[in-house]
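Report on the structure given below.
For ligands, and for the atoms within them, numbers begin at 1 and follow the listed sequence.
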Amino acid sequence: MALVLTDAERHLVLDEMRNFLAVLQTISEALPDEDMKSVAAAARTMGSGAANEIPSETVAKLPDTFKQLAGAVHTSFDTIALDAESLGDPKHTMGQVGEMLGKCNACHGIYQIAVPKRAGGG
Ligand code: HEC
């Protein structure tokens, strides 16, 4: 399914995606060291508190299923942060990361961004 967005909106969404990946790198590097403080701090930057980077007029264009999957990923980061702090168990966190990656893949399996071409070809 195509998400019809402006070029600027596409950049915002892709920027958020690259942040997801960067945070996953930080988490993956911290886990073997059992550095659960860094795991929690990194996960928190992508938690539901950070979900407001996309302006509301862009959010309004997004289908409900997209918003639900995006919300589920942010909630997963919240849970990863909380459990990293309270349980301090790298294996538990790895399981949660795997489960969350399923949500990334679920959304990628459904949506692509389409930016309408401007008249006159551009
Ligand atoms: C709610 C839907 C959704 C979720 C959830 C989601 N993505 Fe994406 N992601 C997209 C869309 C849409 C694109 C653009 C795909 C396209 O147009 O080809 C994208 C693109 C990307 C890209 C490419 C960025 C670029 O610069 O081209 C990366 C990397 C990425 N996602 C990582 C992730 C990771 C990691 C997660 C999970 C933590 C995730 N995404 C969760 C929808 C989602």
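- The distance from the CG atom of D7 to the CG atom of L12 is 10.5 Å, given to the nearest 0.5 Å.
- By the 6.0 Å contact criterion, NZ on K37 is open, its count of non-hydrogen atoms from other residues, nucleotides or ligands being 12 or less.
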Before you tell me yes or no, could you show the steps for T45 and T26 under side chain to side chain contact (heavy atoms under 4.5 Å, CB included), namely the whole-Å CA-CA distance, both residues' side-chain angles and the distance that decides it to 0.1 Å?
CA-CA 11 Å; T45 63; T26 305; over 6 Å; no
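- There is a path of hydrophobic side-chain contacts, each under 4.5 Å, that joins I113 to F20.
- For atom 29 (C) of ligand 1, the closest non-hydrogen atom on the protein side is L21 CD2, 3.8 Å.
- The residue K67 has no part lying near ligand 1, judged by heavy-atom distances below 4.0 Å.
- Listed by number with element, the atoms of ligand 1 under 4.0 Å from a non-hydrogen atom of V73 are 5 (C), 38 (C).
- Closest of all the heavy-atom pairs between M100 and I80 is SD-CD1, 4.2 Å.
- Looking only at protein N/O/S atoms, the ones less than 2.8 Å from atom 8 (Fe) of ligand 1 make 2 in total.
- Per-residue contacts place A70 under 4.0 angstrom from the following atoms of ligand 1 (heavy atoms of the residue considered): 1 (C).
- Of all heavy-atom pairs spanning P116 and L5, the tightest one is CD-O, 3.4 Å.
- Closest protein heavy atom to atom 16 (C) of ligand 1: I113 N, 3.8 Å.
- The nearest protein atom to atom 18 (O) of ligand 1, hydrogens excluded, is given as Q112 NE2, 3.6 Å; this is a heavy-atom distance.
- For ligand 1, the atoms sitting less than 4.0 Å from at least one non-hydrogen atom of L24 are 35 (C), numbered in the order shown with element in parentheses.
- Annotation for V4 and K61: closest pair O-CD, 4.0 Å, computed over non-hydrogen atoms.
- Among residues at least two apart or in separate chains, side chain to side chain donor-acceptor pair (under 3.5 Å) pairs with a member in residues 101-114 are S76-K103.
- Of all the listed residues (L14, V115, V97), L14 holds the heavy atom that lies closest to atom 13 (C) of ligand 1.
- Within the 4.5 Å cutoff, no side-chain heavy atoms of D33 are placed close to those of P90.
- A30 and V39 get closest at one heavy-atom pair: CB-CG2, 3.7 Å.
- In terms of protein heavy-atom proximity, atom 26 (O) of ligand 1 is nearest to R18 NH1, 2.5 Å.
- The shortest heavy-atom contact between L62 and K67 is O-CE, 3.1 Å.
- Near F66, with a cut-off below 4.0 Å to any heavy atom, the atoms of ligand 1 are 1 (C), 2 (C), 42 (C).
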